[in-house]
Amino acid sequence: MYSEKVMDHFTNPRNVGEIKNADGIGEVGNPKCGDIMKMYLKIEDGVITDVKFKTFGCGAAIATSSMATELVKGKTIEEALKVTNKRVAEELGGLPSAKLHCSLLAEQAIKAALLDYAKKNNIEIEELKDFDPNEDPHHH
Amino acid sequence: MYSEKVMDHFTNPRNVGEIKNADGIGEVGNPKCGDIMKMYLKIEDGVITDVKFKTFGCGAAIATSSMATELVKGKTIEEALKVTNKRVAEELGGLPSAKLHCSLLAEQAIKAALLDYAKKNNIEIEELKDFDPNEDPHHH
Amino acid sequence: MATKVYMDYAATTPVKKEVLDSMIPYYTEKYGNPSSVYSLGRESRKTIDESREKIANILGANPKEIYFTSGGSEADNWAIKAVAMANKDKGNHIITSKIEHHAVLHTCEYLEKHGFEVTYLDVDEYGMVDLEQLKKSITDKTILISIMFANNEIGTIQPIKEIGQIAREKGVYFHTDAVQAVGNVKIDVNELNIDMMSMSAHKIYGPKGIGALYIKKGVKIDPHIHGGAQERKRRAGTENVAGIVGFAKAMELAYENLEEHISKLTKLRDKLINDVKNKIDYVRLNGHPEKRLPGNASFCIEFIEGEALLLNLDMAGIAASSGSACTSGSLDPSHVLMAIGLPHEIAHGSLRLTLGDFTTEKDVDYVVEKLVEIVDRLRQMSPLYEK
Amino acid sequence: MATKVYMDYAATTPVKKEVLDSMIPYYTEKYGNPSSVYSLGRESRKTIDESREKIANILGANPKEIYFTSGGSEADNWAIKAVAMANKDKGNHIITSKIEHHAVLHTCEYLEKHGFEVTYLDVDEYGMVDLEQLKKSITDKTILISIMFANNEIGTIQPIKEIGQIAREKGVYFHTDAVQAVGNVKIDVNELNIDMMSMSAHKIYGPKGIGALYIKKGVKIDPHIHGGAQERKRRAGTENVAGIVGFAKAMELAYENLEEHISKLTKLRDKLINDVKNKIDYVRLNGHPEKRLPGNASFCIEFIEGEALLLNLDMAGIAASSGSACTSGSLDPSHVLMAIGLPHEIAHGSLRLTLGDFTTEKDVDYVVEKLVEIVDRLRQMSPLYEK
Ligand SMILES: Cc1ncc(COP(=O)(O)O)c(C=O)c1O
Ligand SMILES: Cc1ncc(COP(=O)(O)O)c(C=O)c1O
Ligand code: FES
Ligand code: FES
């Protein structure tokens, strides 16, 4: 069902946990739908220096959270914004079609955390102008 | 499917054949229905001294022909008239319900042969007054 | 990892050695078509008759009331669709419950599209239907009540005799899906007022792809598969002789040792339930505390999600199941867990462990040990769990 | 008497050793439910996928177009009823032939009772449908043509490609019952313009109780059994994994050696036909002289009746079949023999000998020898036979 890479990230998820005094925190999903993702970012000079997550969800949700944190760690905000759910799924060697929506969750959690960071620091991030972290990815 | 007795009479049918100069010959059934029975009687002083048959039909038809000839051989006409299909079936240890009509054929063949004998000898047999040898036993 | 502990007997069971041994000759030397007149065919016919008789005797039925099908789903479809079709001049109303197997529910939904009306009865927090609600739902258009004997997810056993009594008093047919109850409960179809009953062999150590529908003499029902004269012209198709033999053998084995089977499973199950409750916090048992299948332990484990749990258990060599929506990638968790009133987020953390004849105490200990570890690990990464 | 010579391969076949061997593990250690997420279940799922692929490849189909059923009768019922239900707003007319298997005919009769109209095409003396009559029968209400690939009694093979061509030109679905053709004819569903095709494993040395329906992508058809998501939600029920594996193995074996199988059977069959014709008078061959199944020899032997013949053959250890009415104790002989224009009394004397992979030349000689004796004996006691 899941690729080896997915199983690897599911079994040994990278960057699990919380960051005390995080610069940006994003939470997306909805327990009603069975999945919630919480993303913590540490940002210095426009670069993501640390990232952690917590996820309530299926194997794909956990694996995509883990992969997404790997993909944004050490990257600039601009680079991080280019980490789409498609990209995460590709890096994982693909996902079953019924599980694609779980990867959307990871993309959104990062964006939500960046949005939080922007708000706290009174920055305007052009790419996040229309982003709504409370939108339910299941209904896309 | 068939009892041992049926199989015995089917495998080794008694009294198969024809009687030259028979005193009574009866033929019943209809090849359209897949079964024809022809019965030959030799009658002396009101007693059936010899009987032979030919049958085109299933295992039950052959076995009932055989059993019926055994049951009437050496009997008076009155006794022979009492050989009903029920009696023949009983003597054979029963027949599958779908095959009960085949035993009716044997009863009718005997009656038809006795009717033929009666006609040839200008005798009136009370019991055969309403008997019609051309009636199709399948439609009873 | 290879399966070390199988705890999903409600999903399917291995075929017992005695069962398989009884089947093999009907693949090899005894291969005759039961409809053939020669000895090889008559032998198959006789074997089917004997198997039918064995099953009928166990259930207190007449052999002529047992019709073999390809399994439980076919039996459910047949019973419901064909009673509906045969009795539509009498009425178009069917009563069932919200916790039925999909083979019943989706069939009812199909009939709704074709002019039938269906009442889906509620169940209480333990999964029990309410007999008063049932009585009130019956109208003079009602032709069928279909309520499952025992639930496959939460194990709750319904008051079948009473439901049958109500149906009989109102002159309505009563069908029960007994796929999970057969082999785990003593069943006498007459005593329990059952008109139709679905069964499946692969839940009781028989082969997959064979089952039966009990149809009480006199029930007005259409044939299910048209064609040859098999199953008294009601279900055509060359009989699955080996499957039928295996099914009968499995029934025989199940009912030979029913008491022992029940008491052994109940003991193991209760140990499992107690150990899980004692060692893991925020856990609840789903289903009825007493009126439940002897091998069923269904839990909700809060703050974690079922699929993630199953995958971790699988990696520990443990086979289990869940009613979580994520298992199928769909949005809504199991309709059964919803019907007993669980909130979505809790239903997502459901875990069904079902025990069977090969389960040992050591298995239970192993599962509890691993479960504690896995739950802990998953809760560590859950945003909902705050110590 | 034990069967010495089996000549009823068209009724059913023994399961080949390789086939049985491939099945056994799915009863014992590999018993997982294919719908389960753990490894034991995923393994079953994978096996089903691979089996489906094997069968699809042989038939030139896409694996997604193969749907497993419990056999040929179920496949026939599904194809016809569910296309009728799904397309009834388009039309209510179905075309079939007079020589179809009862699984097709009785299904059509059932639909006639529910508002559908059915045209039963005639066949000629060889059992061939007339393509011109077929064309003329199509109206704008026609939704389905169902014509069997090869006949089970007389072995005649229909011009399937041409029928499919006509159906396609008129925009009508074409279903063919290929239960007898599979394993005896090379089949490419696309080349032959087939939209749906019924198959059954037990005719090709696979197990009884498993078959398949090929449904071309895009065909509008209702699901057959409602319930779980098996068979892409079109045919619910826990899969008969062992049966599916056995079916695929049997297909593989059949098509690995198709040429050889055909030429061997054709040779034996022709020897049988010639010997019977040379040694018994008043015998006729039923079916088409060339366009016939390689293993089928169907005769009418005048002045004797089929059941009596079969019983005698059985006593000589020979398994054969007949279309005589007496075989079933019914009034009318086989509808197929009637449709090719045989008078009742001749149809009553029908004998079907069907050869298969285990038939030897010695078997043929033995059957001919015994047949000559038995026919002679039965004719001696027949009132219709006058030397
Ligand atoms: C032409 C044909 N169609 C359908 C069937 C029915 O197949 P099954 O016995 O697998 O239901 C058979 C054989 O019995 C057959 O010969
Ligand atoms: C309660 C219940 N009904 C019906 C079924 C369906 O039975 P089968 O898989 O034999 O079609 C199952 C099991 O899958 C079940 O648990
Ligand atoms: S989180 Fe629900 S399916 Fe992935
Ligand atoms: S003679 Fe036709 S069934 Fe007996």
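In this text the structure is predicted, and so the values were computed from the model without any measurement. Chain letters run A, B, ... following the sequence lines, proteins first, then strands; residues in each count from 1.
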**OP:** Might you work through the side chain to side chain contact (heavy atoms under 4.5 Å, CB included) test for B:M7 and D:M315, ending with a clear yes or no?
**Re:** CA-CA 10 Å; B:M7 286 311 288; D:M315 284 186 287; 4.0 Å; yes
**OP:** Check whether B:S97 gets within reach of chain D through its side chain, its backbone, both or neither, counting any heavy atom under 4.5 Å.
**Re:**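 Answer is neither: B:S97 stays 4.5 Å or more from chain D.
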**OP:** Go through the structure and list residues passing side chain to side chain contact (heavy atoms under 4.5 Å, CB included) with B:S66, not counting sequence neighbours.
**Re:**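 If we apply the side chain to side chain contact (heavy atoms under 4.5 Å, CB included) test to B:S66, skipping adjacent residues, the hits are B:H9, B:P13, B:R14, B:F53.
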Subject >> Proximity of residues 79-94 of chain B to chain D, residues having a non-hydrogen atom under 4.5 angstrom >> reply: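 From residues 79-94 of chain B, none sit under 4.5 Å of chain D.
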Subject >> Stepwise side chain to side chain contact (heavy atoms under 4.5 Å, CB included) check, D:M381 with B:K38 >> reply: CA-CA 10 Å; D:M381 63 173 96; B:K38 205 162 175 180; over 6 Å; no
Subject >> D:N312 CG to B:I62 CD1 distance, which is reported to the nearest 0.5 Å >> reply: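 Output value for this atom pair is 7.5 Å.
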Subject >> Greatest number of heavy atom pairs closer than 4.5 Å to chain B - which of D:L378, D:L310, D:I304 >> reply: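 Most heavy-atom pairs under 4.5 Å with chain B: D:I304.
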So, for [X] and [Y], which heavy atoms are closest and what is the spacing to 0.1 Å?
X     : Y      : value
B:G57 : D:A308 : O-CB, 3.6 Å
B:A60 : D:E307 : N-OE1, 4.2 Å
B:G59 : D:L311 : CA-CD1, 3.9 Å

Quick check on [X]: does its [atom1] atom have over 12 non-hydrogen neighbours (other residues, nucleotides or ligands) under 6.0 Å away?
X      : atom1 : answer
D:Y282 : OH    : no
B:K75  : NZ    : yes
D:Y110 : OH    : yes

Original post:
Got a donor-acceptor contact below 3.5 angstrom from the D:E305 side chain to the B:F56 backbone?
Top reply: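 No; zero donor-acceptor contacts below 3.5 Å.
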